[in-house]
Amino acid sequence: MLRRFRLEEPETIPEASELLSRHGESARIYAGGTELLLVMKEGLAHYERLVNIKTIPDLDRVERQDGVISIGALATHRRLATDEILNQQLPALVAMEKKVANIRVREVGTIGGNLCFAEPHADPGALLLALGAKLVAAKATGSREIPIERFFIDAYENALEADELLTAIRVPLMPPRSAAAYLKFGYLERPSVGVALFLSLDGGAVGEARIAVGSAGPTPRRIEAAEEILRGKPIDEASRRIEEAGRIAGEASDAISDLHGSKDYKEHIVGVLLKRAFAQAVKDCR
């Protein structure tokens, strides 16, 4: 049963930041509520105040600016799945958002809420890692950018300070002859394993490769050792070595055994998904 709480509705970022600072651990940001309210209903956590930042204007915009796509933290998964700018510039993100959870969650859940809750079995983190995203955190005294690889501290723990709120996700535009892919596998509603790949081609070789694995362990992880297997290699050689890269990625994924599968099983699935993602990305680059 959901216990009583007070709903605060600030109209500006400084006002929201001040509320978080004043009330400390007894207050939490309310952005979409799909995860937070479930935890509260189950009695796993209770907060005296929820700070509803949906009353702050313009935090759901999607804009192209200065070589990046800026995605407002309050943009819902449904909004991102149907956004024309993203469909043209970041089709892999659109494809991922179309498959987040279920239609009810996509309608009300927000990209910012998803990232900040830091649920291990979530989709966006791994893909945004591969895309090289940076997150904008703001409070009453100013704002800062956090590279996404430094945002996830542990399961359900992020790098925001107590009085900060996530306001935007900034994703670099895709360069020519590049593509991204995100593939996942799961037999429950949440993914058991998700693998993201960014790939660019330089002539007949792999120029840049970024590999990220999500849902296997407590946080999404970039797997640089697997990237080195592919980077700079002719496409045919990279194709021959993709299974080696997949094995390395699986072993480095920090996979754990849970209801979604054993550690060994998840590590195997990482390799399977990376091989498929590589084939898809190479095709999309050309």
Side-chain angles (χ1 to χ4, degrees), residues 1-10 16 19-20 23-56 59-60 71-81 93 96-129 133 135 137 146 148 151-162 164-169 182 184 186-194 214-220 256 258-260:
M1 182 177 178
L2 191 61
R3 293 165 59 185
R4 291 172 64 89
F5 61 87
R6 181 181 181 87
L7 186 66
E8 303 282 1
E9 296 194 317
L19 285 166
L20 293 173
H23 298 292
E25 288 296 315
S26 67
R28 278 294 181 271
I29 291 289
Y30 174 80
T34 55
E35 301 275 17
L36 177 62
L37 292 181
L38 179 61
V39 167
M40 293 175 66
K41 285 179 181 178
E42 293 296 324
L44 299 175
H46 174 67
Y47 303 104
E48 296 175 3
R49 283 175 169 78
L50 296 187
V51 181
N52 179 18
I53 61 171
K54 293 189 288 185
T55 52
I56 302 175
L59 290 185
D60 62 348
I71 302 170
L74 291 187
T76 64
H77 299 294
R78 171 68 173 167
R79 160 77 188 281
L80 299 181
L93 184 62
M96 180 272 292
E97 289 289 356
K98 287 180 178 179
K99 296 181 180 180
V100 167
N102 54 56
I103 186 63
R104 181 189 66 81
V105 170
R106 291 194 294 271
E107 284 289 345
V108 298
T110 61
I111 182 73
N114 181 286
L115 295 172
C116 290
F117 198 75
E119 152 68 45
H121 294 279
D123 295 303
L127 180 56
L128 291 172
L129 257 177
L135 310 184
I146 306 172
I148 192 167
F151 185 75
F152 299 105
I153 305 300
D154 204 342
Y156 308 105
E157 183 180 357
N158 63 57
L160 291 177
E161 296 177 358
E164 284 184 320
L165 54 151
L166 179 65
T167 58
I169 300 96
Y182 175 76
K184 65 178 177 178
Y187 58 92
L188 301 174
E189 183 170 293
R190 299 182 186 274
S192 300
V193 177
S215 300
T219 65
I256 60 174
D258 58 16
L259 290 174
H260 296 265

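- In this structure, Arg78 places its CZ atom where only 12 or fewer heavy-atom neighbours from other residues, nucleotides or ligands lie under 6.0 Å away.
- To the nearest 0.5 Å, the span separating CD1 on Ile29 from CG on Leu19 amounts to 8.5 Å.
- Pairing each heavy atom of Gly217 with each of Pro120, the nearest pair is O-CB, 3.6 Å.
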Apply side chain to side chain contact (heavy atoms under 4.5 Å, CB included) to the pair Asp258 and His260, showing each step before the final yes or no.
-> CA-CA 5 Å; Asp258 58 16; His260 296 265; 3.3 Å; yes

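- Across Gly214 and Ala126, no two heavy atoms sit closer than the pair N-CB, 3.8 Å.
- At least one side-chain heavy atom of Met96 sits less than 4.5 Å from a side-chain heavy atom of Tyr182.
- Of all heavy-atom pairs spanning Phe5 and Tyr47, the tightest one is CB-O, 3.4 Å.
- Tyr156 has its side chain out of reach of Pro218: every pair of non-hydrogen atoms, C-beta onward, lies at least 4.5 Å apart.
- A 4.5 Å side-chain heavy-atom check between Thr55 and Pro10 finds at least one atom pair inside the cut-off.
- Closest heavy-atom contact between Thr110 and His77: O-NE2, 3.6 Å.
- Of the possible donor and acceptor atoms, none in the side chain of Glu157 sits under 3.5 Å from a partner among the backbone N and O of Asp154.
- Counting heavy atoms from C-beta outward, Glu42 and Leu38 have side chains that approach closer than 4.5 Å.
- Around atom CG of Leu259, no more than 12 heavy atoms belonging to other residues, nucleotides or ligands sit under 6.0 Å away.
- Counting only heavy atoms from C-beta outward, the side chains of Ile53 and Thr167 never approach each other to under 4.5 Å.
- Not counting sequence neighbours, Phe152 has no partner by the ring-ring contact (aromatic ring centres under 6.0 Å, His included) test.
- The shortest side-chain heavy-atom distance between Thr219 and Ile153 does not fall under the 4.5 Å cut-off.
- The two residues Arg106 and Val100 come nearest to each other via the heavy atoms NH1-O, 2.8 Å.
- A 4.5 Å side-chain heavy-atom check between Asn158 and Leu115 finds every atom pair outside the cut-off.
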May I have the step-by-step check of side chain to side chain contact (heavy atoms under 4.5 Å, CB included) for Leu36 and Met40, ending in yes or no?
-> CA-CA 6 Å; Leu36 177 62; Met40 293 175 66; 4.0 Å; yes

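- Put simply, the residue from Glu119, His121, Lys184 that forms a side-chain contact (heavy atoms from CB on, under 4.5 Å) with Ser215 is His121.
- Contact between Leu127 and Leu93 at its shortest, heavy atoms only, is CD2-CA, 3.6 Å.
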Intermediate values then yes/no, side chain to side chain contact (heavy atoms under 4.5 Å, CB included), Leu160 and Leu165 | CA-CA 7 Å; Leu160 291 177; Leu165 54 151; 5.8 Å; no

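- Under 4.0 Å is where a charged nitrogen must lie from a carboxylate oxygen, and between Glu8 and Arg6 at least one such pair does.
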Test salt bridge (charged side-chain N to carboxylate O under 4.0 Å, His left out) on Lys99 and Glu189 and set out the steps.
-> CA-CA 11 Å; Lys99 296 181 180 180; Glu189 183 170 293; over 6 Å; no

